[in-house]
**Student:** 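Please read through the structure below; I'll follow up with questions.
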Amino acid sequence: MRKLLKIRQVVNQGRSGTLPPVSDVRTRFAPSPTGFLHIGGARTALFNWAFARRHGGRLVLRLEDTDRERSTREAEEAVLEGMRWLDLDWDEGPHRQSERGERHAEAVETLLATGRAYRCTCTREELEERKQATIAAGGKWTYDGRCRDAGHGPDCGPHTVRLRLAPDARLAWDDLVFGPSGQEAREIGDAIIRRSDGAPLYHLAVVVDDLDMGISHVIRGADHHSNTPLQLAIYAALDATPPQFAHVPLILGDGGKKLSKRMDAVSVQHYRSAGYLDDAMRNWLVRLGWSHGDREIFSGPEIAALFELANVSRSSAQADPDKLAWLNQHYLKQMPRPELLAELTPFLEQALGHAVEPSDGLADLVDLLRERARTLAEMAEQATFVAVQNLPYDEKAAAKHLKPAARPLLEALHTALAEVDPWTPEAIEPVFETVRARHDVGMGKLAQPVRVALTGRAASPGIYETLAVLPQATALARIAEAIHFIKHGG
RNA sequence: GGCGCGUUCGUCUAGGGGUCUAGGACGCCGGCCUCUCACGCCGGUAACACGGGUUCGAAUCCCGUACGCGCUACCA
């Protein structure tokens, strides 16, 4: 218990207050390892990370893995993987709640020894019965205190342990986001802190863990706002100074409803595999409930430099996938080429179904595509033509542009293009000009058939660039194929 | 049901009594650019939940209503 007393109180501050420049800020992220990192959890982690970094503090990672069923090693790893992907580096841990049973048990024993808690032999059935009775009588139910002064000893048979609350205690705190908050103890009642099977309850466990880990700021989802009074009571019973609390609003799904696993994309790995960038994801998440004036774009380091709890909203936010897509393209546009190439390759290989050799053409193409794709998956889709063996034609595109009228144009181009040297957009352009002038057609009539011949589709980057991205021989071969296609049909 | 919290354009938000005929961003619509698709640029649409107060003056303060969310477990 000594250890618990060491906790230092960080200067109390309201929403408008400021923190001392250097502090002992210690935040924590405490997810339960469910097999994926939920975007709500990811944002909570991000806020904790940002707050710690902003104030030169430390972030502690703690896995709340008491649900042994779901808490497999793989489930844990998935959560950590999500954190790493988002560059949310932690300074301590991961600690595991399951490994701290002894500390939880000790705390309960201390509480029992000091009379701050007592044993309760009421059974679930009895409790339920009395609860229904008082509700039927129009009353509000909290534990009626039957065992409060019964003085049950350790050998009283099956029992739970309850916290003895002073009925007139006002369990109040100044929430860093919600402001002054609190509840009367009598509205809570004597809560169970240890189950009859000896396992500690969540509220006891978090308090002991946060105390032991020296957490100065508990930043967590608003769903815990109304759990705080009880936890405050536990801190008090332990004679410990509670940390500061900041509750962040929940993230809602489409239509303002709670995020549902089947209706919404709730895990960060979903977005990752859909081709979203970590920078975009972080930026999107941080702007859900937090703002910094009119600014929209924030890099990781900028978040770490600018984040303040005072600018966190109190109302829940609806996740908007369109905004994420926009952010993603923004980051796609400014990502250094080698990096982008590396990120794209796995997506491209997946789209093609075979390995891809790096080439200058592909590298050039990536620069052309960053203006046209919102995700890596989209970009890969648009890039397949450079690396594909047998180019398939989009049916509608072929029907519209690979018509007999295009044949003489393609033939003229094929001949002229064979002479182009060097094979660059600049050298290719004049060829189109001459062919266009000679056949007296508009650019559209000329470019579209070529585009379909080269890419199989009606949309691609500029035609000269698209040509130059392919080896000259390949480009010529595809034009020849298109001519053949027009002659003989599919 | 009880307790708590929330409510500014479709969405994320700025805004802490006059400078708000409410600003930015995404989306959407229109235009320009143009070989397609994009990008870019220009322009437009669109909000203070409702009702009472307080005040010379309210998006901003107070009360109520409605709606939404959270908690209300020997779950976390």
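All values below were derived from every heavy atom in this structure, side-chain atoms included, with hydrogens, water molecules and symmetry-related copies excluded. Each chain gets a letter, A, B and so on, in the order the sequences are listed, and its residues count up from 1.
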**Student:** Just how far, in rounded Å, is P of rC26(B) from CG of L288(A)?
**Tutor:** 16 Å

**Student:** Would you mind reading off the distance between K323(A) atom NZ and rC26(B) atom C1', rounded to a whole angstrom?
**Tutor:** 5 Å

**Student:** In whole angstrom, give the distance that lies between atom CZ of R186(A) and atom P of rC3(B).
**Tutor:** 10 Å

**Student:** Kindly say whether H152(A) contributes a backbone atom to a donor-acceptor pair with the side chain of R119(A) at under 3.5 angstrom?
**Tutor:** yes

**Student:** Taking the six-membered ring for Trp and the single ring otherwise, decide whether the centroids of Y393(A) and H401(A) are under 6.0 Å apart.
**Tutor:** no

**Student:** Using a strict heavy-atom distance below 4.0 Å, which residues from residues 380-387 of chain A are in contact with RNA chain B?
**Tutor:** none

**Student:** Using the C1' atom in both, what is the distance from rG57(B) to rC32(B), to the nearest Å?
**Tutor:** 45 Å

**Student:** In terms of the nearest nucleotide of RNA chain B, which residue is placed more toward the 5' end: D294(A) or L324(A)?
**Tutor:** D294(A)

**Student:** Salt bridge (charged side-chain N to carboxylate O under 4.0 Å, His left out) with R436(A): which residues, sequence neighbours excluded?
**Tutor:** E433(A)

**Student:** So which one's nearest nucleotide on RNA chain B is more toward 5', S181(A) or D322(A)?
**Tutor:** S181(A)

**Student:** Nearest whole angstrom, please: distance from the C1' of rG23(B) to the CD of E296(A).
**Tutor:** 12 Å

**Student:** Among rG24(B), rG6(B), rC26(B), which is the nearest nucleotide to the side chain of D320(A)?
**Tutor:** rC26(B)

**Student:** Could you tell me how far apart I297(A) (CD1) and rC12(B) (P) are, to the nearest whole angstrom?
**Tutor:** 18 Å

**Student:** For rC39(B) versus rC28(B), give the span between their P atoms, rounded off to a whole number of Å.
**Tutor:** 10 Å

**Student:** Provide the distance between the two P atoms, one in rC9(B) and one in rG64(B), to the nearest whole Å.
**Tutor:** 24 Å

**Student:** Both distances below 3.5 Å, Watson-Crick or wobble geometry, any strand: find the nucleotide opposite rC50(B).
**Tutor:** rG64(B)

**Student:** Can you measure H330(A) atom NE2 to rA25(B) atom P for me and round it to whole angstrom units?
**Tutor:** 14 Å

**Student:** Are F298(A) and W290(A) an aromatic pair, judged by ring center distance below 6.0 Å?
**Tutor:** yes

**Student:** Under a 4.0 Å threshold between the charged nitrogen and the carboxylate oxygen, would R164(A) count as salt-bridged to D190(A)?
**Tutor:** no

**Student:** Apply the test side-chain contact (heavy atoms from CB on, under 4.5 Å) to residues E64(A) and Y202(A): give CA-CA distance (whole Å), side-chain angles for both, the deciding distance (0.1 Å), then the verdict.
**Tutor:** CA-CA 9 Å; E64(A) 310 219 316; Y202(A) 167 74; 3.2 Å; yes

**Student:** Using atom C1' of each nucleotide, how far apart are rU45(B) and rU11(B) to the nearest Å?
**Tutor:** 15 Å

**Student:** Distance check, C1' atoms only: rU65(B) and rG6(B), in whole angstrom units.
**Tutor:** 15 Å

**Student:** Looking at D209(A), D210(A), T27(A), which one forms a side chain to side chain contact (heavy atoms under 4.5 Å, CB included) with I215(A)?
**Tutor:** D210(A)

**Student:** Just by modelled atom types, is the E381(A) backbone N or O under 3.5 Å from a matching donor or acceptor in the T384(A) side chain?
**Tutor:** yes

**Student:** For the side chain of Q244(A) and the backbone of V218(A), is there at least one donor-acceptor N/O pair under 3.5 Å apart?
**Tutor:** no

**Student:** When you compare rC12(B) with rG27(B), how far apart are their C1' atoms, in angstrom units rounded to a whole number?
**Tutor:** 11 Å

**Student:** Using the P atom in both, what is the distance from rG43(B) to rC48(B), to the nearest Å?
**Tutor:** 25 Å

**Student:** Applying a 3.5 Å limit to both distances, which nucleotide forms a Watson-Crick or G-U wobble pair with rC41(B)?
**Tutor:** rG31(B)

**Student:** Reading nucleotides 31-49 of chain B from the 5' end, what letters show protein touch, with B for base, S for backbone sugar-phosphate only, - for no heavy atom under 4.0 Å?
**Tutor:** ----BBBBSS---------

**Student:** Starting at CZ of R43(A) and ending at P of rC12(B), how long is that distance when rounded to a whole Å?
**Tutor:** 12 Å

**Student:** Going by purine N1 to pyrimidine N3 plus the second Watson-Crick contact, or the G-U wobble pair, all under 3.5 Å, which nucleotide sits opposite rA22(B)?
**Tutor:** none

**Student:** Below 4.0 angstrom, N of the basic side chain to O of the carboxylate: do K131(A) and E129(A) qualify?
**Tutor:** no

**Student:** Whole Å only: how far is the CH2 atom of W290(A) from the P atom of rG15(B)?
**Tutor:** 12 Å

**Student:** Could you give the distance separating rA38(B) and rG31(B) at their P atoms, to the nearest angstrom?
**Tutor:** 14 Å

**Student:** Contact class for E184(A) (heavy atom, under 4.0 Å): base, sugar-phosphate, or nothing?
**Tutor:** nothing

**Student:** So which nucleotide does rU55(B) pair with, by the Watson-Crick or G-U wobble rule with both distances under 3.5 Å?
**Tutor:** none

**Student:** Apply side chain to side chain donor-acceptor pair (under 3.5 Å) to E411(A) and list each qualifying residue two or more places apart in sequence or on a separate chain.
**Tutor:** R407(A)

**Student:** Base, backbone or nothing for each nucleotide of nucleotides 63-76 of chain B, written B, S, -, heavy atoms under 4.0 angstrom, 5' to 3'?
**Tutor:** -----SSSS-SBSB

**Student:** For E102(A), check salt bridge (charged side-chain N to carboxylate O under 4.0 Å, His left out) against everything at least two apart and list the hits.
**Tutor:** none

**Student:** Does the distance from a Lys or Arg side-chain N to an Asp or Glu carboxylate O, for D223(A) and K258(A), drop under 4.0 Å?
**Tutor:** no

